[in-house]
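Structure first, then comments.
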Amino acid sequence: MNSTLPRVRVIASPQSWVEGEALRQLEAAARLPGMRSAVGLPDLHPGKGAPVGAAFTSQGVFYPFLVGNDIGCGMGLWALDLPARKAKPERWAARLDLEGPWEGDAEAMLADAGVRPCGFEASLGTVGGGNHFAEVQRVEAVHDASTFQTLKLETDRLLLLVHSGSRGLGEHILRAHVDRHGAGSLAEESAEARTYLARHDQAVGWARANRAAIAERVMRGVSAAGRRVLDVCHNSVTPKEWEGGRGWLHRKGAAPSDQGPVVIPGSRGALSYLVLPLGDGEDHAHSLAHGAGRKWTRTHARERLRERFTPDALLRTTFKSHVVCEDRDLLFEEAPPAYKAIDRVVGDLVDAGLVRVVATLAPLLTYKTRSRRE
DNA sequence: ATGTTC
């Protein structure tokens, strides 16, 4: 049996503010039966039950609730054929519309990702709420020219970063699971585990296809063609082998460090970092920060920022980029001051020897939603 | 996070 205590590690410098509640959640998760390690990344913050910005390994069992409802959520990066000098962010902000069903062939896109029809086809190509977005970016600076070149990127071409997940599908899968089995563990060889994992894998494929459909929509809207540079999932549970054993790797808002370069976005008013993972080590559960991490709760952000900013002021950023967000509450909840400083988060990963910065990317247009909500 | 609320 697993008689050793699970290892808990938090990768964050003292300058990276981590809330006490997030640490308590991390330690509570580490004490679950079968847990082997718990790693908090520098974007660690409290979540609903389990912390966000964390990765966990377990043996013999795994925990669907640690993955959460947005199974398959992640980041995709596309290189556009559009030169930076042809950027028209103001015009795009006025016209781009990603609401309603995608005009493309949803079933074909899903089939390409190995996903069977599941009743959520009408949501494919939609960004969703919360921290999801599609953002057109320009290359701000290149720090590792060799890797930049290996990825066939060019400094004067625009990029598109898409952060979205499995929309209603992942929610449906988690809910169906919790309704029947509660928030407990699943034994890895059980029928219940197999059922959950099959559905989980469908949601991971669905989310990947969703990011591709969103990218198609944006590219059509800005009259560009593009190529997918990378696509990584930061909410998942997968089998993992390590020296002397095997088990399960849960990622909850944690980017993979074992699948090549990833983008770690800041807030919409900050740089995003294209980074190359250096260690693929067990000591950080093969994972990296997935973003800047929330500093203020949504409620706190709304209350505090409504006093300081008019909605119109939040439609532009310090980068002079444009924001499409017609949902008033969401506009405040996702405002840049609600997030930690991305340079410190990435700096912590660099200092821990986990990544090298390849390039920084600056926002031109961040699309959240055109749907109005009171 | 969520056809966006039990």
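Residue numbering restarts at 1 for every chain, and letters A, B, ... go by the order of the sequence lines.
Checking side-chain atoms of A:Asp70 against main-chain N and O of A:Asn235 turns up no donor-acceptor pair under 3.5 Å. The backbone N or O of A:Ala191 lies less than 3.5 Å from a partner atom in the side chain of A:Thr195, making a donor-acceptor pair.
Listed by residue number, A:Asn69, A:Asp70 are the residues of residues 61-73 of chain A with a heavy-atom contact under 4.0 Å to DNA chain B. Residues from residues 105-121 of chain A lying near DNA chain B, meaning a heavy-atom separation below 4.0 Å, are A:Gly119, A:Phe120 in numerical order.
Between A:Tyr196 and A:His200, the two ring planes are tilted [angle within 30° to 60°].
A close approach under 4.0 Å does not occur between any side-chain nitrogen or oxygen of A:Arg175 and OP1 or OP2 of B:dT2.
Aromatic rings from A:His163 and A:His234 are positioned such that their centres are separated by under 6.0 Å.
At the heavy-atom level, A:Gly47 lies nowhere under 4.0 Å from the strands shown.
Among residues two or more places apart in sequence or in another chain, the salt bridge (charged side-chain N to carboxylate O under 4.0 Å, His left out) test is passed with A:Glu135 by none.
Between the P atom of B:dT2 and the CZ atom of A:Arg167 lies a distance of 5 Å, rounded to the nearest Å. Whole-Å rounding puts the A:His172 NE2 to B:dG3 P distance at 11 Å. Rounded to an integer number of Å, the gap from CG of A:Asp179 to C1' of B:dT2 is 14 Å. Look at CD on A:Glu171: it is 10 Å from P on B:dT4, rounded to the nearest Å. Between A:His177 atom NE2 and B:dT2 atom P there is a gap of 20 Å when expressed in whole angstrom units. Going from atom NE2 of A:His132 over to atom P of B:dT4 covers 16 Å, rounded to whole Å.
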Exercise for review: Take A:Val237 and A:Phe56 through the side-chain contact (heavy atoms from CB on, under 4.5 Å) test and state the conclusion after the steps.
Suggested key: CA-CA 9 Å; A:Val237 57; A:Phe56 307 91; over 6 Å; no
Practice item. Carefully, step by step, assess A:Thr369 and A:Asp327 under the rule side chain to side chain donor-acceptor pair (under 3.5 Å). Key: CA-CA 7 Å; A:Thr369 179; A:Asp327 178 327; over 6 Å; no
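One finds no salt bridge joining A:Lys240 and A:Glu282 here, because no Lys/Arg side-chain nitrogen approaches an Asp/Glu carboxylate oxygen to under 4.0 Å.
Counting heavy atoms of neighbouring residues, nucleotides and ligands inside a 6.0 Å radius, atom CZ of A:Arg91 does not exceed 12 of them.
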